[in-house]
Structures are given as structure tokens and as C-alpha cells.
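Okay, so here's the structure we're looking at.
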Amino acid sequence: MLERHLGVGSIHTEGDNWNVPEHLEATVLDALTRWLAEAADCSMDLTPDPDGLRTGESEPHSVGIPLSGIQLPAFNHYRTTELSAGIHFTSVDTGSWTLLTDAELALLKHSRPNELPLPLADKLDRSFIRLTSENLTAFSDRLSRHYSFLSWGPTLHIIVVTRQCNLRCVYCQAASGPDRNEHMSVATALTAVDRAFETPARSLTLEFQGGEPLLAFPVVEAAAKHAVALASKTSRHLRLCIVSNFTEPAQEERLRALIRLGFSFSVSVDGPASVHDTNRGVGRHGCFSAVEANIQAFRRVWAEEHPGPPEIGALLTTTRASLTLARDIVDTYLDLGFGSVTIRPLSPFGRAPGIAPQLDYEVSEFLDFWKDILAYVFELRNSGRDVREGALDLILRKLFGRDAHFMDLRSPCGAAFGQVAYDVNGDVYTCDEARMVGGDRFRMGPLAMPLMTLLSSPAATRTAAASMAEASWCDHCAFEPFCGVCPVVNHAEAGALVHNVLAQRRCAIQAGMTRHVLELFAHDADARRHFAAMAESAF
């Protein structure tokens, strides 16, 4: 294991070059080439399940290799970290894991496989830390499921219909505003939809973004109608989503038209009016009130069109003003009719880095804030309210065997392999964040190129290679199977595709959140009860 850990020395940074070792780039390019060829002649099963994720109950994938006669290693490659005194979290590449005591870990390190006490041997076999002839097939199937997303093709297609926005949020990732008058033409939007439907994936999501995409409503409507027609023609499972600040004057007929087309909505709510208006209402009076009115209008129109619960979610971007308001933030979400709040840290894109001192915080401050959110969520759940937190839900999915294959937390990451972004001017990028950082480093090509050509571009292969956690500093970490590397963050923070992620706040935040969940699982019976209930109702 030590040699494997030291092997990351082959990844290096040199100025502003691509900084991806040639052997890694060649490996990814070869994999992409084979994938594209096989997808073209439909010789692979490229169908994700209807929800876009693989669960523990999914039909096992054949790994295509004979399993008899394999000379097994003494133990699988495992990673371990101490959660608390005497409790060690130990995981393998499939995402299988277990908790070991000091004594059990010592036996694992110093005993022969056939000399282990039976209870420990059983624990290690069930988590695939020890491989035997009895569990090898299950391990190979689990490993195949863990990386099954590599055969799906891009499932998320983000269409940026405008850079204009009626707001000027202090941390805007896209640096949008009222003075940015670039809009996507209807013809370009229709071509973007055509490109999206060239994916081999049978299930895909079209997400419309900006700026404020409702400022380009005719473009959104035309593209969505085209997508619905193509989905029917090609028997695809289609999801439509729009990301809006929800502050445009309420226009119920527009909402009705989008709801009838099948749209779900994602809006930004940073908490009570005092925080929301400070972050997002720059130059606009009553920003929070407008959001509140439009959410109510949406729910009213939805109820007239659908019998089920409204498909609308909200996200919070954490700034320094949020840190002391955990309970108020959750209460605000509940008052607006949301049963879940999703907490996000600031991203190093757009306007945020330029005004960091007034917005930013230490990693420990963010983690304390998130822990306060969870504590209040548990308190509310104890009183009988079904309240959730989005980041916690995702971590539970990753840890307890029903991996959502969230684009940012997998290896390689979702760039090109999982998502594609179509910018206003027809440029195509590896992901949504990539179009925000400027320059051509993540630009795969123009929209005129076929999707398969774009996905085999140097930008796509180099980005995928740079996001392979197994070839990064991450490989020593016990949380590696549940996490991922973001080359766009590397570029934004260090000017290079490959960077020491262990020095990043992104790594510290994700690891800190995962560690907190595991510590609760290990030591808090009440938290375990909530985790089980959340898993049963959502997964």
C-alpha cells in the first residue's frame, strides 16, 4: 500500500501547462475511444435506471472476466482513518466499509488471512477487505456497479440561455448581471438539444441556466418543446429543470406552460430576508418578498395542474452572514413550504473571490454551521416533522450503498463523462463550472461538432484524467470512494488541472462533513435512528 501511495509522485504541476501525466491521459483517451466506438454500434448496455442512479438492488453487471483460477491477494487494497479513540473507518474501492477497533485493526495488519478470529474474518469478508473465493464474484459485481456511470454517456446537459440577470448577487459564480446582454438564439438552443440527444444514455436531464433563464423564456420554451418531441420519438426518459432566482414579477401563465412541459424548478433561498437580500438583492428592494410570492404562485399553479407534490427545491449558499442563523435558516425554509434545506459553501468562481473577506469563513466555521443545521434538523425530526438536509442525504447515499453518482463526488468526475454545458454563444464545455472560469482550457469545441467528437476532444480527456482520484493525493484517504477531484477548482485556485487537493478547503469541507456523519453513526444512537429513517423513506 505504501508504494501505491508514493506513486502519486508521478503527478506534478509545472506553471500553466495541462499538468496531466502522459500515461494517464493516454489511459483515459483509450477508454473514451473504446467507449465511443462501442456506444456507436450499441454493443454496450448504456441504460441507467430511471432515476439515474444504481442501487444495491440493481441487476449485477457482468465484469466480463473469468473469476475462477484467480490468485487472490492476501487482503484487498484498503484505506483506513481513525474516527475517534479506538474506532477506525476502513474502506475499499467499491465503497464498502466497516468500523474496526484498535485490536481488530492490529490483527488485520499483522495476521495471516486464515489466522483471523471468525467474527473479524466475517466482518472483513462482508466489507471485501479480505477477498475469498466465496465473495470474489460479489466484489467484482459491486465494483462494476460503483463505476457503472462510465458506460452511461452524459446524462446531464446544461443549456445556458442567457448571461443576463435582473440581480447582481455578491457571490455570483457566473458573474451575471443586468448589463450582460448576451442571449442564446432559438436556433442555437435547438441545436444544443440535438447534441444532447446524441448521448447514448437512455435517461437524460436538460437543465436551463443563466443568468436568469426566465429572461429568455421563448428560448427555454422552444428548446423544451423540441426536447419533449425528441424524447417521445427516441423513447428516452427526459427530465427538464430550470434554475431561477424567482424574482421576476409573477407570470403564472409562463409557470403553467413550463409545468405542463414537465419542468421542475430549483431556486435560491439564502435564509431569512435579512441575509437573502444582503446576498442577492443588490440594487433591488424586496428581493426575498418577490421570491416568497413566486414560490406561492408556483405552488398554486402546480396544484391546479398536478395531484402530486410540487417539484421545486431550494439551495442556500453560505456566507459569513449565515453562520449564526442555523435555526432561522431552517425555519425560513419550512415557512416557505420546503421539507429540505441544502447547504453549500462558497465556490471559488465568479465574483466571490474578489470580495472574499466580507463573505468568507474558515473551514471550521462552515463545519460548525452545518453541524448546527443537522442538530436542529434532528430536533425537528424528534418532534415528528420530516425535515432533511441535502448534503447529509447525499453522504448517506454514498456511505450506505445506494450511490447517486453525484457528478462532483466520483472518479473520474462528471466532466464530459456525465455532464456537458452548452454556452450562450455555442461553445461546449466539460461542465457547468468550466464555462465560468474563463479561457479555453475546458472548452471541448463548438456546437457544430457532433457530441462524440466533442467528448473525445483533448479538453475532455485531459479533464477526465486530472479528476481520477485513484491517481491523485486522494488515494491514501479512506473517504476516497465517496469523494472526487474537481479540475475546475484546481484551475481556479492554482492555475493547473492537477493540484494538491489535500491543501484545498473543498477537500477539508467534504472530508469534515463525511467524518461528522460517521462519528454520529458510531457514537449516537439517535442519529443512527434518523439515518435509518431517512434511508428508508428516500433511498
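Since we're looking at a predicted model, the values are computed, not measured. Just the heavy atoms: all of them, side chains too, but no hydrogens, waters or symmetry mates, feed the values below.
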Close side-chain approach of Phe531 and Val517, heavy atoms under 4.5 Å: yes
No-hydrogen, no-angle side-chain donor-acceptor test under 3.5 Å, Ser176 and Arg163: no
Between Tyr422 and Arg435: side-chain donor-acceptor atoms closer than 3.5 Å: no
Side chains of Glu519 and Ser84, donor plus acceptor under 3.5 Å: no
Whether Tyr147 and Phe149 hold their rings parallel, tilted or perpendicular, with breakpoints at 30° and 60°: tilted
More than 12 heavy atoms of other groups within 6.0 Å of Glu362 CD: no
Arg385, CZ atom: more than 12 neighbouring heavy atoms under 6.0 Å: no
Phe406 six-ring centre to Arg397 NZ/CZ under 6.0 Å and within 45° of normal: no
Candidates Leu240, Val243, Leu258 - the one meeting side chain to side chain contact (heavy atoms under 4.5 Å, CB included) with Phe208: Leu240
Aromatic plane relationship, Phe89 with Trp97 - under 30° parallel, 30 to 60° tilted, over 60° perpendicular: tilted
Donor-acceptor pair between Glu248 and Asn166 side chains, under 3.5 angstrom: yes
Side-chain donor-acceptor contact under 3.5 Å, Thr81 with Arg515: yes
Parallel, tilted or perpendicular: ring planes of His276 versus Phe288, cut at 30 and 60 degrees: perpendicular
